[in-house]
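When a ligand or atom number is given, it counts from 1 through the structure's own listing order. Along the sequence shown, residues are numbered consecutively beginning with 1.
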Amino acid sequence: MKASRRKFLTSISMLAAATAMPINQFNFGSKEKLKIALVGTGIRGITFWGKRLVDEYADILEFVGLCDINPGRLAYGLEYTGAKCTTYTDFQKMIKEAKPNLVIVTTKDSNHHQFIIKALEMGCDVLTEKPLTTDEVKCEAILQAEKKSGKNLIVGFNYRWSPYNTKIKELLANKTIGKLTSVDFHWYLNTYHGASYFRRWHGQMESSGSLWVHKATHHFDLLNWWINSEPAEVFAFGDLEFYGKNSDFRGENCRNCTHQR
Ligand SMILES: NC(=O)c1ccc[n+]([C@@H]2O[C@H](COP(=O)([O-])OP(=O)(O)OC[C@H]3O[C@@H](n4cnc5c(N)ncnc54)[C@H](O)[C@@H]3O)[C@@H](O)[C@H]2O)c1
């Protein structure tokens with residue numbers, strides 16, 4: 001097996017590691033190149049899933065379509081990634097014409113479900129960025145669509161791949177510290193990283209379901225994966241004390257902000 005195929009399979013297997021789904025159900029191991037279409041040519045779409053796959057895995061996969069509602073981002077994304085494919089502003093048209101095996105969803109969180117469900121219905125496997133979606137109604141609709149389609153759906157919880165996180169999983173699985181009885185888990189966002197969310201749609205409840213969903217979904221995933229568990233009950237409380245409209249350290253937008261420097 002070529003090194004890039006092995007590396008790609010390993011990283012994708014890590015994503016699927018906590019699901020019951022056998023990884024070989026995806027077409028990743030096939031001799032044919034995997035045909036990929038991506039919707040949402042924003043920062044995550046064109047960097048992590050776009051240029052990286054084009055640069056590192058061109059011998060095992062190819063992009064057959066890129067889609068976004070923003071034609072400027074689409075044109076930039078095509079050039080930046082180096083993908084040799086057609087661009088679309090109509091998602092369904094892309095799936096019909098480009099016939100991908102796998103659809104990668106990197107739009108904003110609140111509309112992941114539209115593309116996941118449509119792609120499954122149209123016979124594609126789907127890899128979506130986290131979070132799967134932003135509320136339980138959309139979540140249920142996705143699960144039903146997955147069941148009905150018989151296709152595979154995977155969520156890109158990449159925190160699992162950090163070498164130290166993978167090592168922790170290994171140590172826990174090997175019972176290196178014995179039997180677990182309880183866990184305390186804290187995750188602190190620094191104000192640089194935190195502020196970056198509140199400058200974009202990520203800080204709007206209706207787009208991201210709040211940082212509890214948008215960001216903490218990583219942390220819930222990591223912890224549940226480490227200890228091989230699923231939550232029985234989840235609740236949260238908090239307030240917006242530092243970011244957004246409650247902070248003096250802000251402007252209407254970056255261009256005219258008095259704190260720009
Ligand atoms: N796993 C991680 O560590 C990680 C890191 C960053 C982002 N993400 C996830 O990746 C996704 C994208 O985030 P981003 O930071 O790249 O955002 P972004 O705003 O840069 O990109 C989103 C893109 O989706 C497009 N889009 C929005 N609605 C659309 C629609 N209806 N049809 C077609 N295109 C549409 C936008 O025009 C934009 O180009 C989010 O779900 C985010 O949570 C994950």
Side-chain angles (χ1 to χ4, degrees), residues 11-12 14-18 36-53 63 65-81 83 85-95 98 100 103-119 122 124 126-135 138-139 142 153-166 187 189-190 192-222 225 253-254:
S11 38
I12 291 291
M14 295 291 277
L15 281 176
I36 297 184
L38 181 142
V39 58
T41 53
I43 183 73
R44 188 68 173 175
I46 66 171
T47 57
F48 191 81
W49 294 113
K51 186 168 169 49
R52 195 175 60 94
L53 298 197
F63 278 88
L66 294 177
C67 175
D68 202 286
I69 35 167
N70 181 330
R73 284 187 168 216
L74 205 43
Y76 181 79
L78 185 69
E79 191 189 330
Y80 179 83
T81 58
C85 66
T86 310
T87 57
Y88 298 85
T89 48
D90 181 331
F91 180 73
Q92 247 173 279
K93 186 165 185 265
M94 172 172 79
I95 305 297
V103 171
I104 299 182
V105 179
T106 48
T107 58
K108 62 180 186 176
D109 308 350
S110 55
N111 61 25
H112 285 177
H113 67 295
Q114 295 168 14
F115 304 105
I116 296 170
I117 293 173
K118 189 48 77 188
M122 294 179 79
C124 307
V126 179
L127 195 165
T128 182
E129 258 302 346
K130 50 49 63 175
L132 176 65
T133 185
T134 48
D135 67 43
K138 295 174 191 170
C139 186
I142 292 170
L153 168 63
I154 206 168
V155 185
F157 280 124
N158 53 299
Y159 272 28
R160 294 179 187 182
W161 308 352
S162 307
Y164 68 97
N165 285 335
T166 312
W187 193 286
L189 277 190
N190 64 41
Y192 176 82
H193 195 170
S196 74
Y197 291 104
F198 284 90
R199 298 194 184 109
R200 302 174 287 157
W201 59 258
H202 309 62
Q204 298 161 356
M205 280 280 196
E206 66 276 16
S207 294
S208 69
S210 82
L211 283 204
W212 287 319
V213 175
H214 173 80
K215 184 70 182 166
T217 189
H218 269 306
H219 313 136
F220 281 116
D221 173 69
L222 194 54
W225 181 61
N253 60 49
C254 294

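- Residues passing the side-chain contact (heavy atoms from CB on, under 4.5 Å) test with L189, sequence neighbours excluded: W187, H193, Y197, L211, K215.
- Applying the side-chain contact (heavy atoms from CB on, under 4.5 Å) test to T86 and every residue at least two apart in sequence or in another chain returns Y88.
- Judged by distance alone, the side chains of E129 and W49 do bring a donor and an acceptor atom under 3.5 Å apart.
- Listed as neighbours of ligand 1 are V39, G40, T41, G42, I43, R44, D68, I69, N70, R73, T106, T107, D109, N111, H112, F115, E129, K130, P131, G156, N158, R200, W201, H202, H214, H218, each bearing a heavy atom under 4.0 Å from the ligand.
- H218 NE2 to R160 CZ: the interatomic distance, rounded to the nearest 0.5 Å, is 11.0 Å.
- Scanning for side-chain contact (heavy atoms from CB on, under 4.5 Å) contacts around T47 gives I43, Y80, with sequence neighbours left out.
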Next on the checklist: Let's go through W212 and H219 carefully: what are the C-alpha distance in whole Å and the side-chain angles of both, what is the deciding distance for ring-ring contact (aromatic ring centres under 6.0 Å, His included) to 0.1 Å, and is it a yes or a no?
Outcome noted: CA-CA 10 Å; W212 287 319; H219 313 136; over 10 Å; no

